[in-house]
J.: 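After the C-alpha cells below, expect a handful of questions from me.
A note on names: the letters A, B, ... follow the listed sequences, proteins ahead of strands, and every chain is numbered from 1.
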Amino acid sequence: MNRVDPNSRPALAAHVRLQIDPVNGEPILLFPEGVLVLNASAHEIVLHCNGNAKVHEIVTALSGEYEIDEPTLCADALECLNDLLDRNLIVLKS
Amino acid sequence: MTFRPYALLAELTYQCPLHCPYCSNPVRYPQGEELATAEWQRVFAEAARLGVLHLGLSGGEPLARRDLADLVAGAREAGLYSNLITSAVGLDQKRLADLQQAGLDSIQISFQSDEAGLGDVIAGANVHRRKLEAARLVRESGLPLTLNVVLHRANIDRLETIIALAEHLGAIRLELANVQYYGWGHLNQAQLMPTRAQVESAIPIASMARERLVGKMELVYVLPDYYETRPKPCMQGWGRRYLTVNPVGNVLPCPNATSIEKLQFDNVREHSLAWIWNESASFNQFRGTDWMPLPCRECPQREVDFGGCRCQAALLTGDAFATDPVCTLSPHRDRVDRILSALADDAVPATDWTARRNP
C-alpha cells in the first residue's frame, strides 16, 4: 500500500472538488456520493496540495505561517493526508 | 428541528431504452408534461440555496433528454456536484465532450452483469458491449467513473467477475446494490429474490474485495434487507437529507414514495422547493420520531434506523406508519419470513419476469 511520506507530492484527485459550503462557510471536499467537511488545518494543507509541493515543504510553509513546531505539524499533516489517500481523495505525483 | 437536504435526485424522464425488471420507476407512471429546461434549471438553483450539494441526474435514461448539457450547465452554475446516472446507451464521444464542457463532475454507468449474454437478457436489450465502449470513453475523458450493478438471484453468483470488470474498466467506485422490492422489483420479487445461500456466499466476496481495493476503488455493498434483522435507515430518515424531483415535477421524500397511495405530493410548478421541503404535508408526514408507533417509539434504535422504510411498511403491512417489517421486533416480521420461506433453498435463476415498460 502506497503511503504519504515527507517527500510525497500530493494533489487532489481528479474527481474531487474543494468548495466552500454556501450554507455555513465550511470548507468541504465533494466527490461522487460524498462530502467531507475539512477542519481549518486540513483545509490549509489541502490548499497547498498542488502536485508540485512536497509534504515537508508544505509543512515548512505552514509552520512559518502559524508558529507551530514542524515535527508536530508534519505528523498531523501525514495523518491527514494518509486518511485522504485511503479515501481515494488525493493522489501522489511522482 | 430543521433539516437540510444534501442531495437532489432529478429524474429527468421516464423514457429508457432498457427494460430492467427491478427498475425503481413507478409501475404506474404519473400524468403530466416533463419539466422544461428552464424549470429544471430553476429547481437546481433553488436546491443549492436550500443547502443541496449533490445532484444525481437520473431517469429513466437522462441521455434521452436532448437538453442534458444545458441542465448540467445549470447545475454547475448553481454550484452543485453533478453525477450522471446512466445506462450509457447513447453516450458517444460528442455527447460526452458536450457534457464535460458543460461542467459534469462524474458518471455512473449501470451494468447488469459482467458479460453480454446475461447482461442483455436482464436489460432486455443488446446494450452490454455499448456500455463497455462508453465506459472506455469516460475513462479517456478523465471524468470519474462509478459502476452500479443491481444484484439479484440471476447475477449475484457472478460477484467476483463483476468486481473484476469494475477494476478492469478503471472505476473509482462500485456500487453493488441488491434489488429493492418496490415498484417493478416488487412485481418481480419471485424471480429476483436471492436465496439465503447466495447472499451468504456473496458477503465475504464483497468484504474481502472492499478491503483489497482500499485507496483504489470504493466498493459499496448493500445487503438485501429482507435477510437482515434490523431495518435499513431508509434515506437516512424521511425528509432529513434527500429529495427527489420526478419527471413531471412532483417532489418526493424518496424515489419510491409514490408507492404510498395515501400521500399527496407537491409540484415545483406550484410551489418553491423550499416551501415543499419545509412545509409540505408529504415531507412532514414521517419526520422526526413523533409519528412512530410502538415498538419504534420506545426503541433505542429509533434515531439510528428511523423506523426503517415507509414504503416497505406500506407495501407489506398496508400501513405506512407501521414498523418496517424487516425488523424482528416488528409485529409483522412474519410477512417477510413468509416471502423468504416460499423461496426454495435450491431455487434456480429465473428470467420469466415482467420487463419494465416505458410510459
J.: With sequence neighbours excluded, tell me which residues meet ring-ring contact (aromatic ring centres under 6.0 Å, His included) with His56(A).
T.: none

J.: Testing the basics here: between Asp86(A) and Val214(B), what is the closest heavy-atom pair and its distance to 0.1 Å?
T.: O-CG1, 3.8 Å

J.: Among Leu50(B), Leu143(B), Ile172(B), which has the most heavy-atom pairs under 4.5 Å with chain A?
T.: Ile172(B)

J.: Check Gln19(A) against Gly79(B) and note the closest heavy-atom contact, atom names and distance.
T.: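 Heavy-atom minimum between the residues: NE2-O, 3.0 Å.
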
J.: Please give me the minimum heavy-atom distance between Asn88(A) and Lys216(B), naming the atom from each residue.
T.: ND2-O, 3.3 Å

J.: Would you compute the distance between atom CZ of Arg17(A) and atom OG of Ser106(B) and round it to the nearest 0.5 angstrom?
T.: 10.0 Å

J.: State whether the number of non-hydrogen atoms from other residues, nucleotides or ligands found under 6.0 Å of Arg139(B) atom CZ is greater than 12.
T.: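 Not more than 12 within 6.0 Å, no.
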
J.: Please name the pair of heavy atoms, one in Gly142(B) and one in Ala14(A), separated by the smallest distance, quoted to 0.1 Å.
T.: O-CB, 4.4 Å

J.: Please indicate whether Glu70(A) has more than 12 foreign heavy atoms, meaning atoms of other residues, nucleotides or ligands, lying under 6.0 Å from its CD.
T.: yes

J.: So for Ile28(A), is it side chain, backbone, both, or neither that comes closer than 4.5 Å to the heavy atoms of chain B?
T.: side chain

J.: Residues in salt bridge (charged side-chain N to carboxylate O under 4.0 Å, His left out) with Asp83(A), at least two apart?
T.: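 Counting only residues at least two positions away or on another chain, Asp83(A) forms a salt bridge (charged side-chain N to carboxylate O under 4.0 Å, His left out) with Arg87(A).
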
J.: Which atoms of Leu80(B) are under 4.5 Å from chain A, going by heavy atoms: the side chain, the backbone, both sets, or neither?
T.: backbone

J.: Can you tell me how far apart OG1 (Thr146(B)) and CD (Glu33(A)) are? Round to the nearest 0.5 Å.
T.: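 If I round to the nearest 0.5 Å, the distance is 7.0 Å.
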
J.: Please, which pairs that meet salt bridge (Lys or Arg N to Asp or Glu O under 4.0 Å) have at least one residue in residues 76-87 of chain B, sequence neighbours excluded?
T.: Arg76(B)-Asp105(B)

J.: If you count the non-hydrogen atoms of other residues, nucleotides and ligands that lie under 6.0 Å from CD in Gln93(B), is the total more than 12?
T.: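 Counting neighbours around CD of Gln93(B), 12 or fewer heavy atoms of other residues, nucleotides or ligands fall under 6.0 Å, so no.
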
J.: For chain B, find its close neighbours in residues 72-81 of chain A: heavy-atom separation under 4.5 Å, sorted by number, or none.
T.: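 Residues qualifying by a heavy atom under 4.5 Å from chain B are absent, so none.
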
J.: Is Glu211(B) atom CD crowded by more than 12 heavy atoms from other residues, nucleotides or ligands, each under 6.0 Å away?
T.: no

J.: To check you understand the geometry: which heavy-atom pair defines the closest contact between Phe31(A) and His54(B), and what is its length?
T.: O-CE1, 2.8 Å

